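On a predicted model such as this, the values are computed, not experimentally measured, just so you know. A, B, ... follow the sequence lines: proteins, then strands. Residue 1 opens every chain. Worth knowing before you read on, the calculation uses all heavy atoms, side chains too, and leaves out hydrogens, waters and symmetry mates.
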Amino acid sequence: MTGKEPGADSLLSRISQKLRAGGKVYGILGLLIMICVYTAASTDRFLLSGNIENLVHRTALFGILSIGAAFVIITGGIDLSIGSVVCLVGVLLPFLLTKHDWTVPAAVGAILMISLVIGLVHGLLVTKLRLQPFVVTLCGLLFYRGLARGITNDQSQGFGSGFQELRLIAKGRIPILGDAEGAFQLPATTLVLIVLAIVAAVFLNKTIYGRYLLALGNNPEAARYSGINTDRMVLLAYAICSMLAGVGGMLFVLDINAAQPSDFGNFYELYAIAAAVLGGCSLRGGEGSIIGVVIGSAVMVVLSNTINLVHPNYQNVEFAIIGAVILSGAVVDELVRRWLSARRAGMKVG
Amino acid sequence: MTGKEPGADSLLSRISQKLRAGGKVYGILGLLIMICVYTAASTDRFLLSGNIENLVHRTALFGILSIGAAFVIITGGIDLSIGSVVCLVGVLLPFLLTKHDWTVPAAVGAILMISLVIGLVHGLLVTKLRLQPFVVTLCGLLFYRGLARGITNDQSQGFGSGFQELRLIAKGRIPILGDAEGAFQLPATTLVLIVLAIVAAVFLNKTIYGRYLLALGNNPEAARYSGINTDRMVLLAYAICSMLAGVGGMLFVLDINAAQPSDFGNFYELYAIAAAVLGGCSLRGGEGSIIGVVIGSAVMVVLSNTINLVHPNYQNVEFAIIGAVILSGAVVDELVRRWLSARRAGMKVG
Amino acid sequence: GCGSKNAGGTPEAQGASLAFVSNGVADFWTIAGQGAMKAGEELGVKVTVVMPNGMTDQTRKMEDLLTRGIDGIAISPINSINQIDILNKAAAESILITHDSDAPESDRVMYIGMDNYIAGLMCGELVRKALPEGGEVMILIGRADQDNSSRRRQGCIDAILGREPDSSRNDPLGDPMTSEDGKFTVLGTLTDQFDRAKGKANAEDALTRHPNIAAFVGLFTYNPPLAMEALRGAGKLGEVKVIAFDEDEISLQGIIDGTVTGTVVQDPYAYGYESICVLNELYKKNNSVIPENKFIDIPARVIDSSNVEEFWADLKKKTGR
Amino acid sequence: MPENNSPPVLEVRHVGKQFQSVRALDDVSLGILAGEVLAVLGENGAGKSTLMKILAGVQSPSTGEIFVDGQLVVFANVEQALQAGISLIHQELNLASNLSVGANIFLGREPRRFGLIDNCRIERDATKYLEMVGLDVSPRTIVGRLSIGKQQLVEIAKALSTQARVLIMDEPTSSLSQHETETLFGVVKNLRAQGVSVIYISHRLREVEELADRVVVLRDGCFVGQILRDEIRHDAMVSMMVGRDVSKFYHRTAHSTGDEVLRVEQLRTPAYPAHAISFSVRAGEIVGVAGLVGAGRSELLTTLFGVTPAVGGSMKTESLARPPRTAREAIEAGIVLVPEDRRLAGLVLGMSVKQNLSLATLRREMRGGFLNREAENRVCEEMTQQLRIKSAGGDQIVQVLSGGNQQKVVLGKWLATEPRLLLMDEPTRGIDVGAKEEIYRLMHELAGRGVAIVFVSSEMEEIFGLSDRALVMHEGRIAGGLDRAEISEDAVMQLATGTGRTPAKC
Ligand SMILES: Nc1ncnc2c1ncn2[C@@H]1O[C@H](COP(=O)(O)OP(=O)(O)OP(=O)(O)O)[C@@H](O)[C@H]1O
Ligand SMILES: Nc1ncnc2c1ncn2[C@@H]1O[C@H](COP(=O)(O)OP(=O)(O)OP(=O)(O)O)[C@@H](O)[C@H]1O
Ligand SMILES: [Mg+2]
Ligand SMILES: [Mg+2]
């Protein structure tokens, strides 16, 4: 290498690193801000504290699922069973509490246990039997929903008017800005998300295990040759994902108060994965940022809110709009990337 | 090298070749036979020519989608938009024919055109913009259904009691064994599948394009360095997939007579992908067999028939059962594979 | 038209903004939506028709309607006993009435529609009428786990089996049930999750499994046509009776052709139309529209060969299809 | 030799290539005559491969022109280059591992009958080319099952099958051993005789001495000069490449060997479960493992390192009583492996130099599971200095480093763990003389510090330039061991080809 190269190279590497996660995060943040500005400009109801509360609340619920999805995606895998786990958990909680009079700790404990086991099974099938994550979790998608329908015999499960205290976890509002009329109150779920997100971000970026995940997502062989127990790490990722799906599922049903086995959580895995991808995770593995993922889910939540508030008559094309936005996000991201490297080349020549 | 090496190597290679596609095909075929034997043993109604006709008919409809999915999967990609394309096509055909009085050729032509364009757009985004297939087609999944709902304003589109001749393509039965009462008659759709499957199989295994697909699915660089225009081949794969989704979608709606934009074709992409995987396609790309894929879809069709005929009370856990079967299929396949290679090692020792 | 047009001025200027919320996406609801829109035009009020996907979405859409500061909401709760919170929230911040499926436990002002259980009973009666000698009956339905469908199904079964009406029953989906007199057998209920290919397959497989099945009951709009397709395929159309629900044109044509015994129709158009009219009156503080039983009955009707033509003509006129 | 009046078969004028920030080639001009063997030399990152990729239509030049038979041409893609009779054997393997050897050889040029692929002909012709390169496997073999060396031979057979007029070989021998190399030389000389031009890239200067009619040297993407047939000497080339005089290439200093750090008895590897391997290594000893392609050398090392499970046998180190089952076990026992394929198993290409260097020591340095940034930086500092890793700093992505520096990063990762037994598989594969010298120096330093080293090499000079003792493998067995004094080309070749005496001292 020549003397001059290093400087340039480090620029290259720094930019490319930024582009890796950082850049994408800025990108998605920009998108979110744009949508918010547009909506706020179109209707004065958007910024009502009540609406903001709804938005951060919904973002929390989806964000929790998306963070889980992100961990699996970072290992280069995928989890299609998230929605079905949400469904299974969503019907089980009321089912156990109301139909079988379990105590709250027992029910919650059992459900977390089940989610954990589900995650471990996925992980074991992927690592020990070397099955493809897509296949394993696709079977999960079919299996857990079928299970939920079987257990409940196709009947919705709900809390009726009971378990109000428990439901506060999902419905509670914390008056952080005093309880003046119309003052913003922090939804409990948002608090949960903040805590989980911080823990997840620290875990991913500050602990050796996070480093291991990124390394093996990037090159499993090299990670294994470096003495990393890749199997255990992958197992961990799937466990985290299903656990978070379990937590999310419980919060969902506590919030909604009932779950229909046949469609509770349908397609949620796709939202979660989309949010993770929007947030800068590469499905090739080895890349991802927690904050980006959370913003990603916020984008989708706000988008549908925008449609409901500003264009209620376009509700039936909501999906089309969301799809179009995600795609354009990805396209713009790619184009910016190219433009930047073109610029770099230009700078170098000139 | 010594003299014995080639012998050993070629044996090795022949076994491994069998294992690659052949073995898997035998595996899935065995599974299908097992299920059929079980069902036939449990109920004498299973082998009624009427039921067989239903089964081959349904297999045809899903098989066509699965063959399309297989081509994309072989390139190492994935198409999540199949179900939504089925939906879009399924509502457009009656919409154009009944609401807008298009002629049949015009409508069919336009729809095939649309499917083709969809496939090309996917392909271009994947090859030229290097976007991840999962992301591109996930957006497709959201977009095309939304579009279908928008176009039809959420009203289901149907042929009413008209277009009986056209519908014969999907409903017709060909009395190949004479038209004696209760004699088996070949559904027209099955004929379509057979033709498509043969063409696809020859294309994949006997033409250079098929080989190019397999090569680039395994190692795009190697294919490119060998002077293969990989982008064009990938484009082709996505085009084929969406075209077949279009054809399948038309047959579905002609068979069922009406399509509800919000539900038509929901999850069909997952069935198609599952069938392809069952049939021996590797989602890592470079592997796949058409006949296997067709058998794969047959397994899922027969399975749900089995449940309806033998265990109707388990009808609501049907998904669970299908999921379980697919998974055990994958597991057994893997275990057999290992057992065989252990055998090989053993042979070497002895 | 109902009620009175808003006094003077361009309607849009001071018209209320009202919402009509369904419990899902279906033709039934697009017809209802048309009724709502029509009323909106006549009264000069802004009407938003909302068709959510499932309970979570319905709750979200409700929240956002309230954020919009909607003046009145007519909703068909998917799972009323478990949606009290959002319903009461809506009742508090706006004017809430229910249609199609009631939520008596909530603070809703009133209910417009009919009782799905009773409609189910009527459907069951049709079955008994179609099969004087009795026989085996298979029930086809989209989903069994939402209020309207489970009540409708239960009513149908109770009538077929000639039980004392009791809407609190909930029979399992699978196992066959035979009436006291042993004449009628309900073979079971097949769900298809709105997947029509699956729905058709269910009907076909039922025919395969039960050679001497006597009748299909299709409890969701699209089920009867699928049953007819299956029967046509098996060459048993007309031989096996089809009892329909709702007013799919194929079903109506079937009644004319004699391949369908009859259908029980609600009046979705009226649901939509009436709901908006009532909401508008309530918005104008005219509470006289509230009957003391808080229930405007839009009874389900039995449509059979005797009255199908005029019904269909009327329907076409209303919906312009 | 070639008659110089006719125009060059292939010529580039003022070619430059710019990657985002890297100037890989800068105004390079050169031509090659019919029937000429042109060697292109240069340190890692000099731009050799880039230039070749441009000639073969894989990449397009940022500036400059290409001429074939004096005609200006522009290659839009590989196909056009092939049409023009130019074929390239890439530095990295580029085969479809799911297809058969035959299918790979004719990939993109399948013979057809009635529009369908003619597999019979493929097999027939493939066999011909396989024989040429002396690879004794069936054309039906799935490529993925072959060892890297054999795959390299398949690549060569593939290139030969294009009937090219200009055959470009980018480090074709990097994973070939003496035996295959000589077969290859035969092929090349043969081609030259037939008037085919060959551009030959290698870091093995001895090969160049033997083959080349002319040597061209690149440095930092610039043309620095050329050497003609009769001036081609090792030191001449070296000094032109590195711009300085690399004296005393192999340091043959005897090491005072300490006590035994590894004893292997009856160890059997998956590739050759039938053959048991026994030997031992002492502290401070450098043991070279020679053998033909596919002899099982890599398998031996990966088994010792625990990434391929031993089929049987025992292995003793101070802390281990059996073969390790995972790399972690091996590393904790002080055994580390510099793998054969650094891009596949050695490096996390997407991560930074620092992250790669610290990857193996994270656990040891962690504070309650948390990363220890100081330790990371320290390791990065130390290793970058000790190994003279040329990079734009610890945060640079290793992907853009040149081969030599990448290899140093792998070494650094392991040295940071302070190993007692260092296993190296082809440690200088694709590395330029300068870097080679440094790596040799390092190996001696480490040995001097009492680290035991077992290295696999297919390069004869390395075996007798570095080893205190050589083990020669043949089809999974250790055919024999040679003391420093006994190590000679013939001795090694005899054992390697199985014609030698039976094992004496291991
Ligand atoms: N695709 C690429 N993107 C960015 N930089 C590149 C790319 N390919 C090569 N380079 C840079 O161009 C320079 C020349 O690389 P090249 O591979 O031609 O060197 P080389 O002479 O082949 O080295 P070696 O002997 O290790 O093969 C190096 O600095 C390398 O980092
Ligand atoms: N993945 C594999 N599956 C089956 N056999 C393999 C595999 N990899 C290597 N082999 C076989 O194991 C034997 C040893 O291969 P290995 O790579 O260890 O040899 P080597 O001496 O290192 O040769 P090379 O220099 O080519 O690496 C070879 O015969 C090879 O064909
Ligand atoms: Mg190179
Ligand atoms: Mg090796």
### Message
Looking at chain A, which one of C:Ile84, C:Val25, C:Leu173 has the largest number of heavy-atom pairs inside 4.5 Å, strictly under?
### Response
C:Leu173
### Task
Please check if atom CZ in A:Phe184 has more than 12 non-hydrogen atoms from other residues, nucleotides or ligands closer than 6.0 Å.
yes
### Query
Can you say whether C:Asp85 sits under 4.5 Å from chain A via the side chain, the backbone, both, or neither, judging by heavy atoms?
side chain
### Query
When you look at C:Asn170 and A:Gln155, which way does the side-chain contact (heavy atoms from CB on, under 4.5 Å) test go after all the steps?
CA-CA 10 Å; C:Asn170 199 333; A:Gln155 288 172 27; 3.5 Å; yes
### Query
Which is it for A:Asn305 and C:Arg60 under the side-chain contact (heavy atoms from CB on, under 4.5 Å) test, yes or no, and what are the steps along the way?
CA-CA 9 Å; A:Asn305 181 249; C:Arg60 297 291 178 243; over 6 Å; no
### Query
When rounded to the nearest 0.5 angstrom, what distance separates CG in A:Asn54 from CD in C:Glu63?
4.5 Å
#### Entry: side-chain contact (heavy atoms from CB on, under 4.5 Å) between A:Asn308 and C:Lys61, intermediate numbers included
CA-CA 7 Å; A:Asn308 291 343; C:Lys61 293 269 195 313; 3.6 Å; yes
### Summary
Checking heavy-atom separations under 4.5 Å from chain A, one finds in residues 185-196 of chain C C:Thr191, C:Gln193
### Message
Under the criterion side-chain hydrogen bond (donor to acceptor under 3.5 Å, both in side chains), I'd like the reasoning laid out for C:Asp145 against A:Gln260: C-alpha separation, chi angles, the key distance, then a yes or no.
### Response
CA-CA 6 Å; C:Asp145 54 359; A:Gln260 241 178 308; 3.3 Å; yes
### Task
Carefully, step by step, assess A:Phe159 and C:Ile81 under the rule side-chain contact (heavy atoms from CB on, under 4.5 Å).
CA-CA 9 Å; A:Phe159 301 102; C:Ile81 44 166; over 6 Å; no
### Side chain / backbone / both / neither for C:Arg143 at chain A, heavy atoms under 4.5 Å
side chain
### Non-hydrogen atoms of C:Thr67 and A:Leu48 that approach each other most closely
O-CD1, 4.2 Å
### Message
Under 4.5 Å from any heavy atom of chain A, what part of C:Val50 do you find: side chain, backbone, both or neither?
### Response
both
### Query
Relative to chain A, which of C:Thr59, C:Thr56, C:Leu66 shows the most heavy atom pairs under 4.5 Å?
C:Thr56
### Query
Would you call A:Asp154 and C:Arg153 a salt bridge, taking side-chain N to carboxylate O under 4.0 Å as the test?
no
### Summary
What one should report as the nearest heavy-atom pair of C:Asn82 and A:Gly160 is OD1-N, 2.5 Å
### Query
Counting heavy atoms not belonging to C:Lys46, are there more than 12 under 6.0 Å from its NZ?
no
### Task
Quick one: pull up CG in C:Asp57 and OG in A:Ser304 and give me the separation to the nearest 0.5 Å.
7.5 Å
### Query
Salt bridge between A:Arg58 and C:Asp64, side-chain N to carboxylate O under 4.0 Å?
yes
### Message
Working to the nearest 0.5 angstrom, can you tell me the gap between A:Ser161 OG and C:Glu105 CD?
### Response
9.0 Å
### Message
Tell me whether A:Asn257 contacts the main-chain N or O of C:Gln83 through its side chain, where contact means a donor paired with an acceptor under 3.5 Å.
### Response
no
